Amino acid sequence: MSQHDNLQRFLFDGAPVRGALVRMDGAWQQVLARHDYPPAIRQVLGQMLAASSLLAANLKFDGTLIMQLHGKGALRLAVAECTNERTVRATARYDAHIHDAPLAELLGEGGTCVLTLEPKDGEPWQGIVALEGDSIAAMLQHYMQRSEQLDSRLILACNDETAAGLLLQRLPDGHGDPDAWQHLTVLADTLRPDELLGLPAHDILHRLYHEETVRVFEPQAVSFACNCSEERVGEMLKLLGGQEVAEVVLEQGSIEVGCEYCGQRYVFDEDDVNQLFGMDVIGAMRSEAPRH
């Protein structure tokens with residue numbers, strides 16, 4: 001099977017509407033290869049990954065868009081990230097016996113969705129998304145309408161091979177027919193999940209909008225990448241403090257940290273920990289231990 005990992009942005013010449021299509025095969029498979037997610041989690045993460053890629057498509061900043069679902073039900077946490085370089089990653093925490101159910105039921109009472117824009121330079125920005133609607137797409141459409149005053153149509157689909165999505169947005173100040181929005185969204189709603197998952201972007205646009213004049217931009221590659229590193233893990237261990245880290249190393253011989261996104265394991269032995277804290281924290285703990 002050929003790999004289709006790209007984001008296709010487009011613009012209607014006759015209406016103040018922009019759009020984007022994303023399809024991820026290889027990148028999605030990279031996520032699935034690292035964790036044996038049950039079907040319910042695969043559906044949530046695949047749709048979140050497509051949604052985060054589409055929402056990041058029109059952002060003009062260097063950094064990362066992070067979408068998080070927090071719950072107290074069988075789904076505790078789901079995270080999807082997309083950078084301005086269109087690299088993606090995702091992870092989830094959930095109960096072992098999770099089963100297929102509507103999103104609100106999976107999250108349980110008090111579930112929340114948080115969108116974070118994390119620039120490489122500057123302060124992050126966060127928005128809380130109300131859990132309105134019965135799907136990730138509906139929830140994000142409500143959010144964009146209320147917080148951004150931006151009419152949007154979001155269609156998401158996912159299976160074990162592909163995660164894909166279509167986003168339309170009505171521009172507040174645009175050209176052409178301002179009443180074309182309803183016509184274009186009605187056509188978008190005829191798109192079947194199998195078409196969204198199986199057809200190239202060009203074929204989808206022709207199938208939906210062959211009677212419209214659509215300006216199609218150069219497709220942009222999407223790929224899986226994780227930004228974890230030994231340095232980042234070391235910074236996290238510093239936040240825990242020398243005493244707590246030293247106690248683990250004295251008990252187990254080393255401290256091991258795994259990345260929840262890519263599965264990479266980082267092991268810090270006694271020498272690594274002493275170097276990390278710039279002092280012999282292990283020796284200090286030994287000298288303080290009671291003698292028998």
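Predicted, not measured: the structure shown is a model, and the values here were computed from it.
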If two hydrophobic side chains count as joined below 4.5 Å and joins carry through other members, does [X] share a cluster with [Y]?
{"X": "Val216", "Y": "Leu196", "answer": "yes"}
{"X": "Leu187", "Y": "Val214", "answer": "yes"}
{"X": "Val17", "Y": "Leu140", "answer": "no"}
{"X": "Leu45", "Y": "Val79", "answer": "no"}
{"X": "Leu131", "Y": "Ile66", "answer": "no"}

Side chains of [X] and [Y]: is there a donor and an acceptor less than 3.5 Å apart?
{"X": "Gln43", "Y": "Gln47", "value": "yes"}
{"X": "Arg207", "Y": "Thr190", "value": "yes"}
{"X": "Glu81", "Y": "Tyr261", "value": "yes"}

Closest heavy-atom pair and its distance - [X], [Y]:
{"X": "Leu168", "Y": "Trp181", "answer": "O-CH2, 3.6 Å"}
{"X": "Leu7", "Y": "Ala20", "answer": "CD1-CB, 4.4 Å"}
{"X": "Cys82", "Y": "Ser52", "answer": "CB-O, 3.9 Å"}
{"X": "Gly258", "Y": "Arg265", "answer": "CA-NH1, 3.3 Å"}
{"X": "Leu49", "Y": "Ala90", "answer": "CD1-CB, 3.8 Å"}
{"X": "Thr87", "Y": "Ala225", "answer": "CB-CB, 3.7 Å"}

task: Could you tell me which residues satisfy side chain to side chain donor-acceptor pair (under 3.5 Å) with Asp269, sequence neighbours excluded, listed by chain and number?
output: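 Here no residue qualifies.
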
Check whether any side-chain heavy atom of [X] sits under 4.5 Å from a side-chain heavy atom of [Y], and report yes or no.
{"X": "Val186", "Y": "Gln182", "result": "yes"}
{"X": "His99", "Y": "Glu105", "result": "yes"}
{"X": "Leu240", "Y": "Leu237", "result": "yes"}
{"X": "Leu184", "Y": "Phe12", "result": "yes"}
{"X": "Ser53", "Y": "Val22", "result": "yes"}
{"X": "Leu103", "Y": "Val44", "result": "yes"}
{"X": "Val257", "Y": "Met236", "result": "yes"}
{"X": "Phe277", "Y": "Val245", "result": "yes"}

Is a side-chain N or O of [X] found less than 3.5 angstrom from the main chain of [Y], in a donor-acceptor match?
{"X": "Arg76", "Y": "Lys72", "result": "yes"}
{"X": "Asp95", "Y": "His97", "result": "no"}
{"X": "Arg23", "Y": "Leu197", "result": "yes"}
{"X": "Asp25", "Y": "Asp5", "result": "no"}
{"X": "His35", "Y": "Glu260", "result": "yes"}
{"X": "Asn6", "Y": "Ala221", "result": "no"}

task: Check the angle between the aromatic planes of Tyr209 and Phe10 and answer parallel, tilted or perpendicular using the 30° and 60° thresholds.
output: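 Because their plane-to-plane angle lies in the 30° to 60° range, the rings of Tyr209 and Phe10 count as tilted.
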
Euclidean distance, [Y] [atom2] relative to [X] [atom1], rounded to 0.5 Å:
{"X": "Ile41", "Y": "Met48", "atom1": "CD1", "atom2": "CE", "value": "10.0 Å"}
{"X": "Arg93", "Y": "Thr91", "atom1": "CZ", "atom2": "OG1", "value": "7.5 Å"}
{"X": "Leu166", "Y": "Leu205", "atom1": "CG", "atom2": "CG", "value": "8.0 Å"}
{"X": "Asn58", "Y": "Leu167", "atom1": "CG", "atom2": "CG", "value": "7.0 Å"}
{"X": "Leu75", "Y": "Leu106", "atom1": "CG", "atom2": "CG", "value": "6.0 Å"}
{"X": "Gln8", "Y": "Leu54", "atom1": "CD", "atom2": "CG", "value": "12.0 Å"}

How about [atom1] on [X], more than 12 heavy atoms from neighbouring residues, nucleotides or ligands closer than 6.0 Å, or not?
{"X": "Asp134", "atom1": "CG", "answer": "no"}
{"X": "Gln145", "atom1": "CD", "answer": "yes"}
{"X": "Asp194", "atom1": "CG", "answer": "yes"}
{"X": "Glu230", "atom1": "CD", "answer": "no"}
{"X": "Gln252", "atom1": "CD", "answer": "yes"}

task: Just do the side-chain hydrogen bond (donor to acceptor under 3.5 Å, both in side chains) check on Asn159 and Arg42 with the steps written out, would you?
output: CA-CA 8 Å; Asn159 59 24; Arg42 290 201 294 270; over 6 Å; no

task: Run the numbers on Thr83 and Asp62 for side-chain contact (heavy atoms from CB on, under 4.5 Å), then give the verdict.
output: CA-CA 8 Å; Thr83 71; Asp62 290 340; over 6 Å; no

field: Pairs satisfying side chain to side chain donor-acceptor pair (under 3.5 Å), at least one member in residues 212-221, at least two apart
entry: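 For residues 212-221, and leaving out neighbouring residues, the side chain to side chain donor-acceptor pair (under 3.5 Å) pairs sorted by first residue read Asp13-Arg215, His183-Glu212.
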
Test side-chain contact (heavy atoms from CB on, under 4.5 Å) applied to Val88 and Trp28, step by step: CA-CA 9 Å; Val88 297; Trp28 176 226; over 6 Å; no

- request: Starting from the C-alpha separation in whole Å, work towards a yes-or-no answer on side-chain contact (heavy atoms from CB on, under 4.5 Å) for Leu150 and Arg170.
  value: CA-CA 6 Å; Leu150 197 61; Arg170 177 155 59 177; 5.9 Å; no

message: Closer than 4.0 angstrom, basic N to acidic O: yes or no for Glu235 and Arg232?
response: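 Between Arg232 and Glu235 there is no salt bridge, as every charged N stays at least 4.0 Å from the carboxylate O atoms.
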
Could you pull out all donor-acceptor pairs under 3.5 Å where a side-chain atom in residues 109-128 meets a protein atom, sequence neighbours excluded?
| residue | atom | partner | partner atom | Å |
| --- | --- | --- | --- | --- |
| Thr116 | OG1 | Gln126 | NE2 | 3.1 |

- prompt: How far apart are the C-alpha atoms of Arg34 and Phe224, what are their side-chain angles, what is the distance that settles it, and do they pass the side-chain contact (heavy atoms from CB on, under 4.5 Å) test?
  reply: CA-CA 12 Å; Arg34 286 161 169 79; Phe224 173 87; 3.7 Å; yes

